[in-house]
Enquirer: 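Attaching a single structure in C-alpha cells format; questions to follow.
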Amino acid sequence: MSTEVGAVARESIKNKVTITEIARQAGVSVPTVSRVVNGRSDVSPETRARVEDLLRHHGYQRKSSAPGDRAALIDLVFNDLDSPWAVEIIRGVEEVAHASGVGTVVSAIHGASGSARQWMTNLRARASDGVILVTSVLEPRLHEELRRLGVPLVVIDPAGSPSLDAPTVGATNWAGGMAATEHLLGLGHRRIGFIAGPVRLLCSRARLDGYRAALEGAGVDVDDALIVPGDFYHQAGFDGCNTLLDLGEPPTAVFAASDQMALGAIEALRRRGLRVPEDMSVVGFDDLPEVRWSAPPLTTVRQPLADMGKLATRTVLRLALGEEPASPRVELATELVVRASTAPRG
C-alpha cells in the first residue's frame with residue numbers, strides 16, 4: 001500500500017465500510033470501485049492496486065457472486081419518450097454500449113421532481129457507471145448527488161444554459177435554422193412562417209435565431225406575427241399552421257422547428273384544401289426516418305441524432321474510466337435535405 005493511501009486508511013475506523021467511502025479515500029469514482037469489486041478488466045493497474053489495498057485494509061466483504069457477474073450499466077434519461085427522435089438517440093447509444101459490453105437503462109423523468117428522485121434512488125441501487133441526460137433538467141440537489149457518488153454525466157441538447165459541470169453534445173442548430181430559411185428565401189419566399197420549439201430549450205432558441213439571421217441577411221424584415229409557439233409535437237404544428245393561415249396576409253412558406261410539427265402543419269394545410277408545395281412550402285427539422293415517406297416527402301434539416309447518442313456514450317464511458325473527454329462541448333453538423341415539400345413561390 002502506498003504511504004498516502006495507507007495514511008488515509010489508518011485514519012478510518014476498521015469496521016463496515018461502503019464503496020462510496022472506499023472511492024473517496026482512493027480518489028476515484030464509485031463506479032471505478034464497483035468495477036474493481038466485480039473483477040472487471042477496464043481499470044488501470046495503478047488504480048486497481050490502490051482500491052484493492054483499501055478493500056483489504058477495511059476488510060470489505062465482496063458479495064458471493066462470481067467476479068464480473070454484475071453487468072456494466074449506463075443510464076439514459078429523457079424528459080419524455082413519446083417522440084421518434086428519442087428512438088434515434090437510443091439507437092446510437094445502444095450501438096456503442098453493446099459494442100463495449102455495457103448495458104443501457106432507459107428512463108423518463110417527465111419533468112417531475114418526484115419522478116427524478118425515484119430515478120436517483122434506482123440509480124444508486126444499481127451502481128450505474130454513468131448517466132446520459134437528454135434535453136432534461138436535474139434539480140441541483142440531484143446533480144450534486146451524482147457528483148458525490150462519482151457518477152459521470154454527459155448531456156445531450158442541454159435544456160438551459162450549459163452551466164452544468166458536464167460535457168455536452170448537440171448539433172449546429174443555429175446553422176440548421178439559417179440553412180432552412182435561406183433555402184426558402186432562395187425559392188423566392190419572403191413571408192416565411194416559423195413554428196418554434198419550447199423556449200426553455202437552447203436548441204429551440206438557436207433554430208429561431210438562425211431563422212431571424214437568415215431573414216435579416218436577405219434584407220427581409222422579421223415579422224413577429226409570423227413566429228408562433230410550439231412544442232415539437234404534431235398538434236403544435238397543426239395549431240401553429242392554422243394560426244398562420246388565419247393571418248390577414250398568410251405566409252407562402254412555413255419552417256417548423258421539428259419534423260413532427262412540420263407534419264402537423266401539412267395536415268392543417270390538407271384539411272383546408274391547400275396543397276404542399278404548390279400553395280405553401282414546408283420545411284422541418286430532424287430528418288426522422290418517417291418523413292421521407294410523408295406526402296409529399298419532407299424537406300428538412302438533418303440532425304445527426306444517432307451520432308449524438310454514439311458520441312455521448314463514448315464520452316461517458318471515457319469519463320467512467322477516469323479519462324478526460326475529447327472536448328467538453330461538441331456540436332455535430334446539421335445538413336439541409338431537399339425533398340418535394342418545397343418549391344419556388346407560386
Side-chain angles (χ1 to χ4, degrees), residues 1-77 93 96-105 107 117-133 138 141-155 164-167 312-325:
M1 181 184 289
S2 69
T3 303
E4 180 182 359
V5 173
V8 173
R10 282 193 295 272
E11 292 174 0
S12 62
I13 301 173
K14 293 184 180 180
N15 56 12
K16 189 173 183 180
V17 67
T18 65
I19 283 183
T20 300
E21 179 61 19
I22 294 290
R24 187 189 69 78
Q25 293 184 16
V28 299
S29 69
V30 171
T32 297
V33 176
S34 182
R35 284 194 288 273
V36 173
V37 169
N38 286 281
R40 283 174 44 195
S41 60
D42 50 349
V43 181
S44 70
E46 297 81 5
T47 299
R48 181 181 300 280
R50 189 161 71 250
V51 172
E52 288 283 9
D53 281 346
L54 283 166
L55 291 171
R56 283 192 295 271
H57 180 84
H58 286 289
Y60 183 84
Q61 298 296 313
R62 287 174 166 86
K63 294 180 180 179
S64 58
S65 56
D69 277 357
R70 188 187 71 81
L73 293 172
I74 57 174
D75 271 61
L76 176 59
V77 185
V93 170
V96 173
H98 179 75
S100 304
V102 176
T104 307
V105 178
S107 305
R117 286 193 292 270
Q118 182 59 54
W119 163 76
M120 178 62 77
T121 298
N122 295 339
L123 178 134
R124 282 194 296 266
R126 57 180 167 258
S128 187
D129 292 287
V131 173
I132 299 173
L133 190 67
L138 282 184
R141 184 180 63 81
L142 296 180
H143 186 225
E144 180 58 37
E145 178 70 1
L146 282 181
R147 277 200 294 261
R148 188 185 70 78
L149 293 172
V151 179
L153 171 68
V154 175
V155 182
L164 286 174
D165 183 20
T313 308
R314 293 190 191 102
T315 302
V316 83
L317 292 177
R318 284 174 63 97
L319 293 171
L321 292 173
E323 302 173 5
E324 290 296 317

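The residues of the chain are indexed from 1 along the displayed sequence.
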Enquirer: Which atom pair, heavy atoms only, marks the closest approach of A97 to I74?
Expert: CB-CD1, 4.3 Å
Enquirer: Rounded at 0.5 Å granularity, tell me how far CG in L149 sits from CE in M120.
Expert: 6.5 Å
Enquirer: Minimum heavy-atom separation for P167 to P325, with atom names?
Expert: CG-CG, 4.0 Å
Enquirer: Would you say N122 and D75 make side-chain contact, with heavy atoms under 4.5 Å?
Expert: no
Enquirer: How far does CG of L317 sit from CZ of R314, to the nearest 0.5 angstrom?
Expert: 10.0 Å
Enquirer: Considering residues at least two apart in sequence or located in another chain, which fulfil the side-chain hydrogen bond (donor to acceptor under 3.5 Å, both in side chains) criterion with T313?
Expert: none
Enquirer: Give, for atom OG1 of T32 and atom CG of L319, the distance between the pair rounded to the nearest 0.5 Å.
Expert: 10.5 Å
Enquirer: Sequence neighbours left out, what passes side-chain hydrogen bond (donor to acceptor under 3.5 Å, both in side chains) with S107? Give chain and number order.
Expert: none
Enquirer: Measuring from L153:CG to L133:CG, what's the distance to the nearest 0.5 Å?
Expert: 6.0 Å
Enquirer: Check side-chain hydrogen bond (donor to acceptor under 3.5 Å, both in side chains) between E323 and all other residues, then give those that pass, not counting sequence neighbours.
Expert: none
Enquirer: Is it true that E144 and R141 make a salt bridge, defined as a side-chain N closer than 4.0 Å to a carboxylate O?
Expert: no
Enquirer: State which residues pass salt bridge (charged side-chain N to carboxylate O under 4.0 Å, His left out) with E145; sequence neighbours excluded, sorted by chain then number.
Expert: R124, R148
Enquirer: Going through the distances and angles, do V33 and L54 end up as a side chain to side chain contact (heavy atoms under 4.5 Å, CB included)?
Expert: CA-CA 10 Å; V33 176; L54 283 166; over 6 Å; no
Enquirer: Taking all heavy atoms of A166 and all of V155, pick out the closest pair and write down the distance.
Expert: CB-CG2, 4.4 Å
Enquirer: Looking at CG of L123 and CG of D129, how far apart are the two atoms once the value is rounded to the nearest 0.5 Å?
Expert: 10.0 Å
